[in-house]
Amino acid sequence: MSAPQTALLLGGGGVGGTAWMLGLANGLAANGIDLTRAERSVGTSAGAIAAAILATGVWDLSTLGDAPAIREGAPPPVPDAEIQRALFDILGDSDASRRDKSARIADITSTLPTADDSQIRRIHTLIGTSSWPRTDLRIVSLAADTGERHVWTSESGTTLSTAVAASHAFPGAFPPVQIGRARHIDGGLFSDINADLAGPAQRVLILRPFHGVFPEIPSPDESAVLTANTTLLVGPDSESRMALDPALAASAAWSLAFAHGTRQADKAVGPIREWLGRAGNSTIQTWSREQ
């Protein structure tokens, strides 16, 4: 597979984060920039849902002001606040190494039950398909017992909805997903964006709902991507940030965050056009409907 000119990274951020990224993509499309044309997409956690929706093109983005799974009457399970607080404490520990964090997360998840088929069906309803797209889509999860990162692709031998469910399985909100002999949990517990998986793309666009929320402890490979002058990172503005409040009910969070993402696209389009321009006309023609 040849190196992609452009890579799109979509990070973790809960229900609101998924909707904000899709709203941003919807607003950018109205401004002539089509994120569904990325040569490579990397989705982690909430970003796995958004990446699958964008890469497969099943949904008309303008219709996603309400989440498909919510419209179908399949709300997520009631979260376990105690487990979630413990995990956020681990993620927020700036003194702990990634290996230490993985070991502590494995201790928490070892006694959790495994997801049943309803979790996979809910993700199928949300993304609209279980089939992988023809484009280079990468979905990230974490092996619950070992803390090792796993990157799922069309060649991994599992359905897209199963891979996305695994990447989205944040303990305390969704149980681990069994794939083969291993149980998998939210890929954001390794890194919320997994920026190193963008390489060797010439240009990298990152949509990061958690930007500024957790301490920055990127790996050297991630740092190289994040600090490159060919990388553009877009995070929620102050108004969008309020829509990402985890205390909001899922249906309210989705609708509000989607609307704010669509609004914020008007501010993001200028920097994104400038970023596209660094790659020359070929990339602009790939991504921009106005050319």
Side-chain angles (χ1 to χ4, degrees), residues 9-21 43-50 75-115 119 139-150 164-177 183-195 206-219 222 226 233 235-238 240-250 252-254 256-257 260:
L9 305 185
L10 299 146
V15 172
T18 304
W20 173 76
M21 289 183 282
T44 302
S45 189
I49 295 173
V78 177
D80 185 319
E82 183 176 351
I83 291 177
Q84 290 186 321
R85 279 194 299 269
L87 289 171
F88 280 119
D89 285 344
I90 294 171
L91 294 175
D93 186 352
S94 58
D95 295 325
S97 68
R98 181 170 282 173
R99 178 175 294 182
D100 290 339
K101 290 183 178 183
S102 294
R104 291 159 63 185
I105 290 168
D107 286 341
I108 291 175
T109 59
S110 62
T111 60
L112 297 178
T114 301
Q119 189 164 327
I139 302 296
V140 184
S141 68
L142 193 72
D145 297 334
T146 65
E148 294 181 358
R149 183 176 70 173
H150 195 99
V164 172
S167 181
H168 186 248
F170 192 88
F174 299 98
V177 174
R183 301 197 313 159
H184 290 264
I185 56 176
D186 197 303
L189 294 168
F190 184 88
S191 165
D192 68 306
I193 53 173
N194 291 283
I206 303 173
L207 305 187
R208 191 177 198 177
F210 277 152
H211 183 53
V213 174
F214 295 114
E216 299 289 342
I217 316 176
S219 67
E222 281 192 295
L226 290 168
L233 190 152
D237 61 16
S238 57
S240 295
R241 177 69 63 196
M242 293 186 293
L244 272 59
D245 185 343
L248 292 173
W254 183 287
L256 188 60
H260 276 295

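Since the model is a prediction, treat every value here as computed from it, not as a measurement. Start at 1 with the first residue, then count along the sequence. Heavy-atom basis, side chains included; hydrogens, waters and symmetry copies ignored.
Here the straight-line distance linking atom CD1 of Ile185 with atom CG of Leu87 works out to 7.5 Å at 0.5 Å rounding. Expressed to the nearest 0.5 Å, how far CD1 of Ile206 lies from CG of Leu226 amounts to 5.0 Å. The distance from the CG atom of Leu207 to the OG1 atom of Thr18 is 11.5 Å, given to the nearest 0.5 Å. Atom NE2 of His211 sits about 5.0 Å away from atom CG of Leu233, to the nearest 0.5 Å. Remark: Ser110 OG to Ile105 CD1 distance equals 12.5 Å, nearest 0.5 Å.
In plain terms, the two heavy atoms of Val164 and Ala48 that are nearest each other are CG2-O, 3.9 Å. The minimum heavy-atom distance between Pro113 and Pro176, with the atom names listed, is O-CD, 3.1 Å. Counting all heavy atoms, side chain and backbone alike, Ala165 lies closest to Gln119 at O-NE2, 4.0 Å. Shown here for Gln84 and Ala173, the closest heavy-atom pair between the two residues is NE2-CB, 3.4 Å. Taking all atoms of both residues into account, the shortest heavy-atom contact from Met21 to Gly11 is CE-O, 3.1 Å. When all heavy atoms of Ser240 and Pro236 are compared, the closest pair comes out as CB-CB, 3.8 Å.
The side chain to side chain contact (heavy atoms under 4.5 Å, CB included) check on Ala257 picks up Ala19, Trp20, Ala243, Leu244, with sequence neighbours excluded.
Arg183 places a side-chain N or O within donor-acceptor distance of the main-chain N or O of Leu112, the cut-off being under 3.5 Å. With hydrogens and angles disregarded, no donor-acceptor distance shorter than 3.5 Å links the side chain of Thr44 to the backbone of Gly47. When atom types are taken as modelled, the side chain of Arg104 and the backbone of Arg99 share no donor-acceptor pair closer than 3.5 angstrom.
Test Ser45, Ser141, Ser167 against Asp186 for side chain to side chain donor-acceptor pair (under 3.5 Å) and you get one pass: Ser45.
Taking a cutoff of 4.0 Å between a charged side-chain nitrogen and a carboxylate oxygen, Lys101 and Asp93 do not qualify as a salt bridge.
In this structure, His150 and His184 have perpendicular ring planes: the angle between them is above 60°, well past the 30° mark.
Side-chain atoms of Glu222 and Ile193, non-hydrogen and from C-beta on, do get closer than 4.5 Å to each other.
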